[in-house]
Structures are given as C-alpha cells and as structure tokens.
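All chains are named by letter (A, B, ...) in the order of the sequence lines, taking the proteins before the strands, and each is independently numbered beginning at 1.
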Number of protein chains: 2
Amino acid sequence: MERLLLIFKALSEETRLKILGLLRNGELCVCDITAVLNMTQPNISFHLGLLKEAGLIKDRRNGRWIHYSLDESDMFVRFLLLGIFEKTGGMSGVKIKRKRKC
Amino acid sequence: MERLLLIFKALSEETRLKILGLLRNGELCVCDITAVLNMTQPNISFHLGLLKEAGLIKDRRNGRWIHYSLDESDMFVRFLLLGIFEKTGGMSGVKIKRKRKC
DNA sequence: TCAGTATATTCCAGTATTCGAATATTACAA
DNA sequence: TTGTAATATTCGAATACTGGAATATACTGA
C-alpha cells in the first residue's frame with residue numbers, strides 16, 4: 001500500500017508527468033529537463049527526487065552530470081508508463097535542444 | 001493529461017484505495033463503506049465523489065440508497081485496478097457486515 | 001404532508017504540497 | 001588548492017488536501 005501511494009502521488013502532478021514524457025526518448029540530465037520545462041533547477045530536482053523515490057525513474061552519475069531515465073524494472077510501473085504515454089502522447093512533440101553532450 | 005491527473009490524484013490517498021478494495025467484491029452503499037472504514041459519512045461521500053469524478057467508480061441509485069461499484073469500462077482503469085488489487089490484496093480479508101439489504 | 005433515513009454539501013482547522021530564492025554539495029579542471 | 005558548473009537541500013509563503021461537525025438534499029413510508 002505504501003509503495004503504491006508513493007507511485008500514485010508521484011504521478012498525480014503535471015510537472016512530473018511531463019518529466020516522464022521527456023524521459024520517454026531516453027535519459028536526460030537535470031539541466032536539460034530544467035531548460036525544457038522552464039522551471040527552476042531546484043524545483044526540477046525536487047520532482048526528480050519524488051519520481052525516483054517512487055521507483056519510476058533511476059539515475060546514473062557521469063562526472064558532474066546526473067542522467068535520469070525511466071526505471072522499467074517493475075512490471076506494474078511499465079504498464080503505468082505505457083498507459084500514461086498512450087494517453088498523453090508522451091511529450092513526443094517536444095524538441096530537446098541540448099547545449100552540450102552531457 | 002487532465003483526466004490522467006484526476007485518476008492519479010484519486011488513487012494517491014489511502015482511504016480511497018481502501019474503498020476501491022472494498023468494492024472489489026461488488027457494489028456497496030455509502031453506509032456500508034462508512035461502517036467498515038470507521039469514518040464519518042460526509043467524509044466517505046467526499047472520497048466517493050473524487051473516485052467517481054475520476055471515472056474509477058460509478059453509482060446507481062436505488063431508492064434512498066446509492067450503490068457504488070467499480071467502473072471498469074475504461075481499459076487503462078481496469079489495468080490500474082488489477083495492479084492495485086494485486087499489490088494490496090484488495091481488502092479481501094475484510095468482512096463486510098451489512099445491516100440490511102440495501 | 002410529515003418524520004425519518006441515506007447521502008451530499010458547506011465550513012473550518014490542521015496538515016501537506018508546490019514553488020522560487022538562497023545555500024550547500026559534488027565533481028572536475030586549471 | 002581554487003574556481004566553476006551541475007545538482008541537491010533548506011526555507012518560507014502560497015495553495016491544496018483531509019477530516020470532522022453542522023447542515024442541506026433526496027427519497028420513502030405513514
């Protein structure tokens with residue numbers, strides 16, 4: 001129950017759904033997400049923390065950069081993500097311009 | 001997106017997950033749910049309203065009683081409910097004692 | 001119509017969530 | 001080491017959510 005609540009709470013906010021949609025096409029660093037969503041970096045970090053705590057995304061550090069990506073190791077989460085992307089289009093239209101290779 | 005948010009917000013609260021679990025075995029009236037969960041009736045009505053607005057449950061009036069049941073008309077919702085019940089056990093152990101046929 | 005029961009709505013206090021600003025941490029490069 | 005860039009944490013204000021109490025509405029039976 002606790003785990004489920006964490007997952008659904010994480011999913012019940014627009015910014016976080018947007019982040020998941022952005023990650024659909026592969027991993028991104030915090031600065032990329034911050035730039036695309038036009039919010040402050042601490043705020044994005046906060047949302048990423050909730051998503052990670054819920055087990056929806058995972059991170060990978062590479063030097064200064066931390067890359068976030070979808071965590072599809074859990075079957076139920078995988079279903080959720082599929083459903084979300086199907087319903088929202090998964091940010092497929094958003095063009096991500098990365099300033100640098102990070 | 002809006003619809004999805006409604007669904008996930010509805011699912012991100014323990015009382016509402018419990019209500020869904022109770023409804024797993026069939027429709028119940030508000031007074032039944034109120035009795036089992038030991039909360040005030042207005043509060044239960046409030047939660048039922050959110051669940052209904054999200055399209056997770058539907059209601060059927062029969063005289064004074066309003067019976068709520070799972071709304072499985074949407075495929076994604078059906079997946080969600082299955083996942084929830086699998087993870088929580090779906091209140092399967094709770095014995096519902098109904099005072100009367102309602 | 002009136003009384004009683006089932007459910008919904010309103011109101012308010014307590015709590016949680018969200019955001020930006022300020023600040024701290026981590027890692028690298030010079 | 002020192003400076004800088006990427007990310008995380010803390011803090012405070014605004015907003016949203018939750019729960020109980022009081023009240024309103026809907027229906028039924030007498």
List every contact pair, protein side and nucleotides 13-15 of chain D side both N or O, where the distance is under 3.5 Å.
none

Measure from the side chain of Val30(A), starting at C-beta and using heavy atoms only, and say which of dT18(C), dT7(C), dA8(D) lies closest.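 It is dA8(D).
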
Calculate the interatomic distance between [X] atom [atom1] and [N] atom [atom2]; express it in whole Å.
X: Glu53(B); N: dA8(C); atom1: CD; atom2: P; answer: 14 Å
X: Ile19(A); N: dT7(D); atom1: CD1; atom2: C1'; answer: 14 Å
X: Ile66(A); N: dA27(C); atom1: CD1; atom2: C1'; answer: 10 Å
X: Leu50(A); N: dC19(C); atom1: CG; atom2: C1'; answer: 13 Å
X: Asp59(A); N: dA6(D); atom1: CG; atom2: P; answer: 17 Å
X: Leu5(B); N: dC17(D); atom1: CG; atom2: C1'; answer: 15 Å
X: Ile44(A); N: dT17(C); atom1: CD1; atom2: C1'; answer: 16 Å
X: Trp65(A); N: dA27(C); atom1: CH2; atom2: C1'; answer: 10 Å

Report the residue (Leu48(A) or Ser12(B)) whose heavy-atom-nearest nucleotide on DNA chain D is the more 5′ of the two.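 In this pair, the answer is Leu48(A).
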
Summarise protein proximity over nucleotides 19-27 of chain D in one line of letters, 5' to 3': B for base, S for sugar-phosphate only, - for none, counting protein heavy atoms closer than 4.0 Å. BBBB---SB

Check: Glu13(B) and Leu17(B) side chains under 4.5 Å, non-hydrogen atoms: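 Leu17(B) does not reach Glu13(B) side chain to side chain.
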
Please name all residues satisfying side-chain contact (heavy atoms from CB on, under 4.5 Å) with Arg64(B), sequence neighbours left out, ordered by chain then number.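 With neighbours one apart ignored, the set is empty.
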
Hey, could you give me each pair passing salt bridge (Lys or Arg N to Asp or Glu O under 4.0 Å) that has a residue in residues 68-82 of chain A? Not counting sequence neighbours.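 Found Asp74(A)-Lys87(B).
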
Tell me which pairs pass salt bridge (Lys or Arg N to Asp or Glu O under 4.0 Å) where either residue lies in residues 34-43 of chain B, with sequence neighbours left out.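 Not a single pair qualifies under salt bridge (Lys or Arg N to Asp or Glu O under 4.0 Å).
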
With a 3.5 Å cut-off and sequence neighbours excluded, list the donor-acceptor pairs that the side chains of residues 44-57 of chain A form with protein atoms.
| from | atom 1 | to | atom 2 | distance (Å) |
| --- | --- | --- | --- | --- |
| Ser45(A) | OG | Gln41(A) | NE2 | 3.1 |
| His47(A) | ND1 | Arg16(A) | NH1 | 3.0 |
| His47(A) | NE2 | Asn43(A) | OD1 | 3.3 |
| Lys52(A) | NZ | Asp59(A) | OD2 | 3.1 |

Who else is in the cluster with [X] when I, L, V, M, F, W and Y are joined by side-chain contacts under 4.5 Å?
X: Phe79(A); result: Met75(A), Met75(B), Phe79(B)
X: Leu82(A); result: none
X: Leu6(B); result: none

With a 4.0 Å limit, can you tell me whether Tyr68(A) has a side-chain N or O closer than that to the phosphate oxygens OP1/OP2 of dA6(D)?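 Checking Tyr68(A) against dA6(D): no side-chain N or O falls below 4.0 Å of OP1 or OP2.
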
In terms of ring plane angle, is the pair Phe8(B) and Phe8(A) parallel, tilted or perpendicular, where the classes change at 30° and 60°?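 Phe8(B) and Phe8(A): parallel rings.
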
